[in-house]
Chemist: 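Sharing a structure below in C-alpha cells format, with a few things to ask.
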Amino acid sequence: MGLELNKLSKQVNKMGTTVASRSAEIEARLPKARATLKKITNNDPELKKKIKRALSMHWTGAIPTSEPVHAVFPCPKHPKRANIAAADGSQIYPDRHGIAIYYLINTGSIIFRHGLDEAPICSSYPSLFYENHDLYPNEVLIPSSLVNARRDITELRELAQIAEKEVKTAPTLLMLDNGLLLYLGLQTAEHRQSEEILGEYLETLSAIESTNACIAGVIDRPRAANVLRLLRLYDMENDMFDTNVLRSLGDYSQLTDRMLFGTLQPGERSAIFVNASPQNLERYLPKGQKIVFYYVNAGTREQPVILRVEIPEWVANQPEQLSLTHAGVVEQARFGDGFPYVLMRSHELAVVSWTERGHLDEMIGSSLHRSGLSAVVSRKAQGKQWTNSAKRRYGK
Amino acid sequence: MSDVNSEEKTNSSIPIGRMLRSDTTGFTFGCLLPEPEVPLFGDFVKAPAQQGLTEIIGIIHNIVIEDDLFVRQLIAAPELPEAYIQDQRKNRQIPIEVSVLSVGYSSENNIIQGLPPQPPVTLDYIKRCSLSDVIDFTNVQDYLALILNSKETPVEELIGAALQRASKARPIEDRELFLLQAGKELARLLSDDLSKLNSILRRIQVNI
C-alpha cells in the first residue's frame with residue numbers, strides 16, 4: 001500500500017507538540033551549563049586530577065588547552081592570497097542483488113585560489129573495485145564500513161597531493177567535510193584492514209604536515225558533547241566516580257556543545273580543546289597527530305551556524321595556520337549560507353546520482369555480455385524495480 | 001568575402017550542444033556557457049535524424065538559462081568575488097536550454113521546407129548551419145509560413161532575426177534583393193494581417 005500519509009496526521013501533530021516541549025526542557029538546562037563553563041579555570045588542580053582519573057576510564061570529554069575554556073576569539077583577517085582546497089568522496093556499495101559485485105569510490109576535489117579572479121580547478125576521479133582482494137578481504141564480502149574507510153583515506157590522499165603543489169604559490173588550507181578522527185566501525189574480523197587504513201591515514205596527515213599546508217575537518221550540526229562532559233566532570237564533588245557516571249551527562253543530558261556555544265557572535269570561535277577520545281590519545285597522539293577542535297559561528301547574527309572544526313595540534317600550535325583555518329572557514333561560509341563553499345562544491349563533484357549509477361550498471365552489463373556472461377539483477381531487485389515505480393491505481 | 005569564409009570555418013563545424021528533447025515541430029538542446037556569437041536568437045542550426053539519413057534544419061527561438069538552489073543562494077551573497085561567479089559559470093554543469101523550431105530538412109541533397117519525418121534523438125550533436133547552408137535553405141521562402149503558424153514562438157521577432165541572418169549570409173550586393181523577395185512572400189502570407197506584416201517589414205527594413 002505504500003505510505004498512507006493520511007493515517008499519520010495525528011501522530012505527526014502529536015510529534016510536533018512533543019518535540020517543541022522537549023526542546024524547551026533541554027534549552028532550560030543551558031544557563032547552568034554556560035555558567036559552569038565560566039567558572040572553570042585552566043590551572044584548577046582538582047579538575048586536572050579528575051581529568052587524569054577520567055582518562056584512565058576511557059572518558060570522551062574535552063581537555064582544556066592553554067586557552068581559557070570560556071574565551072572567544074574574533075575572526076582574524078583572511079590573507080589576501082590563499083589556496084583553499086577541499087575533497088569529498090561518495091561510493092556505490094557492493095550490491096549482491098545487482099548485475100555484478102563491485103564497489104565504486106568517486107572523489108571530487110576543488111582548488112579555490114582566493115584573491116585571484118579565476119575559476120577554481122575542479123576534478124573528480126572514479127575508481128572501480130572488482131578484484132577478489134578488493135571485494136573479499138576476509139573471505140566475506142567487504143562491509144560498507146570498510147568501503148567508507150577506504151573512501152575517507154582516498155579523500156585525504158587527494159588533499160595531500162593538492163597540498164604539495166599548492167603550497168608553492170600561497171598559504172594553503174585543506175578542508176574535509178568530516179572530523180579528522182577516522183571512524184572505523186569495523187568488526188573484529190577487519191582488524192588488520194583497520195590497522196592498515198589507520199596507519200595510512202596517519203602517514204598521510206604527516207605528509208600534509210611536511211608540506212606546510214594546514215588542514216581542517218569541518219562538521220556541520222555537530223552532535224558532540226565533549227565540552228559538556230568536561231562540565232559534568234567539573235561538577236562532580238570528588239574524583240570517586242565510575243565509568244557509568246562518566247558516561248552520563250547528568251544535568252546537561254541531551255544538550256550538545258553546539259548549543260553550549262550558541263552565543264558565539266558571527267565569525268567568533270571558541271577556545272581550543274583536545275578531544276579526549278581513546279583513539280585520539282592512544283593512536284593519533286603517539287604519531288604526532290593529536291586532534292584538537294574548536295567551535296565557530298560561520299553564520300550571521302540572525303541565523304547563527306555553529307560548526308565544529310577539527311585540526312591537528314601542529315596546526316593549532318602555529319598562529320598563522322590556526323588563523324587560516326578560522327578565517328578560511330568563515331570566509332568560505334559567507335558564500336555557502338553558513339557552510340564552506342568549497343565543501344559544498346566538492347560534494348557536488350563527488351556525488352553519484354541514481355541516474356549515473358544506472359548508466360554505470362548499463363556499461364558493466366554490456367561489458368559482461370561482450371565477455372559471454374549474463375548480466376541480470378536478482379529477482380528481488382527486479383521486483384523492487386517494478387513495484388517502486390510510480391503507483392497507478394485504476395478505480396477502486 | 002574573406003571575413004565570411006573565416007566565420008564559416010570557425011562556427012559551423014563545431015558542435016554547439018547536444019539534444020535534450022524533441023518532437024516533430026522542434027527540439028531543445030543543451031549547451032554550457034554560451035560564447036558571445038553562439039547560439040543566438042534567430043540562428044539556423046542543424047541536427048541529424050533518421051540515423052543520419054536526414055539533417056533537420058531549425059531556427060533558434062528561445063534560450064533559457066536555468067537556475068538552481070545553489071545559484072539562488074549566491075544571488076543574496078554580498079560582494080560576491082569574481083572567482084565564485086567564474087566557478088558557477090565555467091565549472092558547474094547547468095545546461096543552457098536552447099529551443100529550436102524545425103523549419104525543414106535535407107535529404108539526399110534535396111532541401112525540403114516543412115516538418116521533418118522524424119525528430120532528432122537524445123544526445124545528438126547540434127551544429128550551427130554554415131553560411132552556404134543558410135543561403136541554400138533560404139533560397140526558397142516556404143519556411144516563413146511555418147514560422148507564422150507556430151504557436152509558441154515570438155513570430156514577428158523570429159522572422160525578423162532569421163531574415164537578417166539569411167541576408168547577412170549573402171554577399172552585400174544580393175542582400176537587398178533577398179529581403180525584397182522575402183517581403184513579397186510575407187505580404188502574400190499576411191494579406192489579412194497588415195499590422196503584423198508592417199511590424200515584420202519594419203524589422204527587416206533596418207538592415208537593407
Side-chain angles (χ1 to χ4, degrees), chain A residues 78-86 108-124 166 169-170 173 266-267 298-303 305 327-328 330-353 355-356 358-359 362, chain B residues 14-23 27-39 48 51-52 63-98 119-126:
Chain A
H78 196 289
K80 281 188 179 165
R81 258 292 285 127
N83 298 319
I84 317 290
S109 67
I110 180 168
I111 306 166
F112 191 96
R113 273 125 189 197
H114 181 96
L116 299 182
D117 290 342
E118 60 185 44
I121 311 294
C122 298
S123 319
S124 73
E166 295 303 310
T169 57
L173 166 62
T300 58
R301 201 173 300 277
E302 296 75 28
Q303 282 187 308
V305 178
V330 171
E331 170 68 12
Q332 283 285 315
R334 280 177 63 208
F335 306 105
D337 200 20
F339 191 66
Y341 180 89
V342 285
L343 288 176
M344 292 169 81
R345 288 285 287 116
S346 60
H347 170 76
E348 189 179 38
L349 290 160
V351 74
V352 180
S353 67
T355 310
E356 288 162 340
H359 291 157
E362 282 170 18
Chain B
I14 303 168
I16 54 173
R18 282 186 186 269
M19 262 289 305
L20 284 172
R21 55 185 174 272
S22 62
D23 63 23
F27 51 92
T28 299
F29 68 91
C31 62
L32 294 178
L33 184 70
E35 297 295 324
E37 297 298 325
V38 200
Q51 297 186 14
I63 301 171
V64 178
I65 296 172
E66 295 282 349
D67 68 346
D68 67 2
L69 292 174
F70 202 174
V71 173
R72 282 177 181 230
Q73 184 271 125
L74 283 173
I75 284 168
E79 301 161 21
L80 188 62
E82 184 64 22
Y84 293 87
I85 297 170
Q86 291 303 316
D87 184 40
Q88 294 290 326
R89 286 183 180 166
K90 291 188 175 169
N91 292 334
R92 292 194 71 227
Q93 294 183 342
I94 304 171
I96 288 158
E97 291 197 6
V98 183
V121 294
T122 312
L123 294 180
D124 267 340
Y125 271 126
I126 312 298

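The sequence lines fix the lettering, A, B, ..., with proteins before strands; numbering per chain opens at 1.
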Chemist: Is it the case that more than 12 heavy atoms not belonging to B/Leu69 sit under 6.0 Å from its CG atom?
Modeler: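 Open.
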Chemist: Roughly how far, to the nearest 0.5 Å, is CD of A/Glu118 from NZ of B/Lys90?
Modeler: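 Separation between the atoms: 9.5 Å.
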Chemist: I need the minimum non-hydrogen distance between A/Arg345 and B/Phe70, along with the two atoms involved.
Modeler: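 That would be CD-CE1, 3.4 Å.
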Chemist: Is it the side chain or the backbone of B/Ile85 that comes within 4.5 Å of chain A heavy atoms, both, or neither?
Modeler: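 Contact with chain A: none, neither part.
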Chemist: Could you state the interatomic distance from CD (B/Gln88) to OH (A/Tyr341), rounded to the nearest 0.5 Å?
Modeler: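 OH of A/Tyr341 is found 4.0 Å from CD of B/Gln88.
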Chemist: Looking at chain B, which one of A/Gly336, A/Pro120, A/Gly115 has the largest number of heavy-atom pairs inside 4.5 Å, strictly under?
Modeler: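 Among the listed options, the one with the most contacts to chain B is A/Pro120.
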Chemist: Which answer fits A/Leu116, side chain, backbone, both or neither, if we ask what part of it has an atom under 4.5 Å from a heavy atom of chain B?
Modeler: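 Interface part for A/Leu116: backbone (N, CA, C, O).
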Chemist: Give the intermediate values and the outcome of side chain to side chain contact (heavy atoms under 4.5 Å, CB included) for residues B/Asp87 and A/Ile110.
Modeler: CA-CA 10 Å; B/Asp87 184 40; A/Ile110 180 168; 4.1 Å; yes
Chemist: Keeping B/Asn91 on the side-chain end and A/Ala119 on the backbone end, is there a donor-acceptor pair under 3.5 Å?
Modeler: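 Checking the backbone N and O of A/Ala119 against the side chain of B/Asn91, no donor-acceptor pair under 3.5 Å is found.
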Chemist: Please give me the minimum heavy-atom distance between B/Gln86 and A/Asp117, naming the atom from each residue.
Modeler: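 Here B/Gln86 and A/Asp117 meet closest at CG-O, 4.2 Å.
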Chemist: Other residues, nucleotides and ligands only: do more than 12 of their heavy atoms fall within 6.0 Å of NE2 on A/His347?
Modeler: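 No, not enclosed.
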Chemist: Working to the nearest 0.5 Å, report the span between CZ of A/Phe335 and CG of B/Leu74.
Modeler: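 Going from CZ on A/Phe335 over to CG on B/Leu74, the span is 8.5 Å.
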Chemist: Based on non-hydrogen pairs under 4.5 Å, which of A/Met344, A/Glu348, A/Arg113, A/His114 is most in contact with chain B?
Modeler: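 Answer, by heavy-atom pair count under 4.5 Å with chain B: A/Glu348.
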